[in-house]
There are 2 protein chains.
Amino acid sequence: MRMATKQKNPSKSAGYHHGDLKRELVTAGRRLLEKSGVEGLSLRGVAREAGVSQAAPYHHFEDKDALLAAIAAEGFAGLSSEMAKWSAGADTAGAHMGGLGAGYIVFAFENPELFRLMHGPRFAVADRYDDLLTVAADSFNMLRDGVAACRPGASEKEIEIACQAAWSLVHGASMLIVDRRIDAGTTVDDIVTFANQITKQLPVSG
Amino acid sequence: MRMATKQKNPSKSAGYHHGDLKRELVTAGRRLLEKSGVEGLSLRGVAREAGVSQAAPYHHFEDKDALLAAIAAEGFAGLSSEMAKWSAGADTAGAHMGGLGAGYIVFAFENPELFRLMHGPRFAVADRYDDLLTVAADSFNMLRDGVAACRPGASEKEIEIACQAAWSLVHGASMLIVDRRIDAGTTVDDIVTFANQITKQLPVSG
DNA sequence: GAACCAATCTTTACGGTGTTAAGATAAGTT
DNA sequence: AACTTATCTTAACACCGTAAAGATTGGTTC
């Protein structure tokens, strides 16, 4: 019994691919995404980048949209962890809330094309891609919980409105930064101070 | 001298087109845009809709992007007039501000694909298309003036931040509604009451 | 009027795209 | 070893953005 012949080592075997191409397509897609933008991203290009023929992706994703949905899902996971990172260790509910917003905006700043993909028209009606829906809902629920913690005695309706307002504020700022309509600086520190100034305008995190 | 042979009547002459095709391309583009979305909009499709060959648009627009820029410019004009409409007749600066925000969101609600095009990645770096830049700046300046009127004694810096926050809030709400992530109702009245609730969260229009 | 010019439109063509259908190869199972 | 199944390739289709070259038109000048 030889050692290396089982599929123990999923690296590039010469002939047919047979590693986990699915994963490699997603990472290649993310790579090309930040380089060329959503519009410049082609399925054939991803296949090329992965060193595989043009039709190969169709054995792992039903569609180009399905691959983009997988990339977007990874994006939402990254968004959530970025929010968690910046809100960790906050001593007040307001500071925690501010951290969530800062993380949201920082993520958009650092992954502009990915952020655009995540909120693009493609998934506006996302009855397919349920795992995308759940992971996106996770990100949203972090915000919701943060808002609720800031207003202990508020009614359900008040919390909903405050939550929608907070989400809109943070999402709009991210979008405007990504689209270069607001200049919030060039470093992550710049972005964070900008985020703090912005979110301070809401009574929630005051 | 015959009457109808001059280009007095720019309607469809049978053979070659010779009306103002440029205008017709823009309106045909807007029509297809709301039907098929930005991604589903093809230059060939626009030419087809205008009843003209596929290469004809290139005599009026340098590019597909140039046509989209013209459509987007019309969009910003519409956005400005919608904001003007909803803020007209307000008696206080705060009410005026609220009207501007409501108009912004209502426009997005009523022209989702156009709104997406206007803020798409295509014009993020818009050193070309200067008329697009100016008409977009007009919309922004309406917001800026509204914010400044709400805070007479504020410093330049304070006004800028309040302005960015207001813009972010309103823009984010529009984007989230267009992307179906926030359900703000189905009628324009629904949208307006939603907009009022949201903007009331900002100290500017309190 | 005729001759010319510039603008506008068409036909044709090229390379790129998403996607499907048919065949080749590898891995796993009996 | 034979068979099955998953994976990958090649080839093809219709569509797209765009450029080049030719046709048609309206306007201008004699």
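So that the names make sense, note that chain A is the first sequence line, chain B the second, and so on, each numbered from 1.
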Whole angstrom is fine here: how far is it from [atom1] in [X] over to [atom2] in [N]?
{"X": "A:Tyr58", "N": "C:dT19", "atom1": "OH", "atom2": "P", "answer": "4 Å"}
{"X": "B:Phe61", "N": "D:dG17", "atom1": "CZ", "atom2": "P", "answer": "14 Å"}
{"X": "B:Arg48", "N": "D:dA14", "atom1": "CZ", "atom2": "C1'", "answer": "11 Å"}
{"X": "B:Glu39", "N": "D:dC15", "atom1": "CD", "atom2": "P", "answer": "19 Å"}
{"X": "B:Lys64", "N": "D:dA19", "atom1": "NZ", "atom2": "P", "answer": "14 Å"}
{"X": "A:Leu21", "N": "D:dT9", "atom1": "CG", "atom2": "C1'", "answer": "13 Å"}
{"X": "B:Asp63", "N": "D:dC16", "atom1": "CG", "atom2": "P", "answer": "17 Å"}
{"X": "B:Asp65", "N": "D:dC16", "atom1": "CG", "atom2": "P", "answer": "16 Å"}

Can any side-chain N or O of [X] pair as donor or acceptor with the backbone N or O of [Y] at less than 3.5 Å?
{"X": "A:Ser36", "Y": "A:Leu33", "value": "no"}
{"X": "B:Glu34", "Y": "B:Leu114", "value": "yes"}
{"X": "B:Thr193", "Y": "B:Asp190", "value": "yes"}

Do the side chains of A:Met83 and A:Phe107 get nearer than 4.5 Å, heavy atoms only? no
Measure from the side-chain heavy atoms of [X] and tell me the nearest of [options].
{"X": "B:His59", "options": "C:dT8, D:dT7, C:dT19", "answer": "C:dT8"}
{"X": "A:His60", "options": "D:dT7, D:dC16, C:dT19", "answer": "D:dT7"}
{"X": "A:Ala55", "options": "D:dC16, C:dT20, D:dC8", "answer": "C:dT20"}
{"X": "B:Ser42", "options": "D:dG17, C:dT19, C:dT10", "answer": "D:dG17"}
{"X": "B:Ala56", "options": "C:dC9, D:dG17, D:dT10", "answer": "C:dC9"}

Look at the side chain of B:Gln54 and the base of D:dA19, then say whether one donor and one acceptor between them are separated by less than 3.5 Å.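 Such a pair does not exist between side chain and base.
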When every non-hydrogen atom of B:Ala149 is compared with those of B:Ala93, the smallest separation belongs to O-CB, 3.7 Å
How do A:Gly45 and B:Arg44 order along DNA chain C: which one's closest nucleotide is nearer the 5' end? B:Arg44
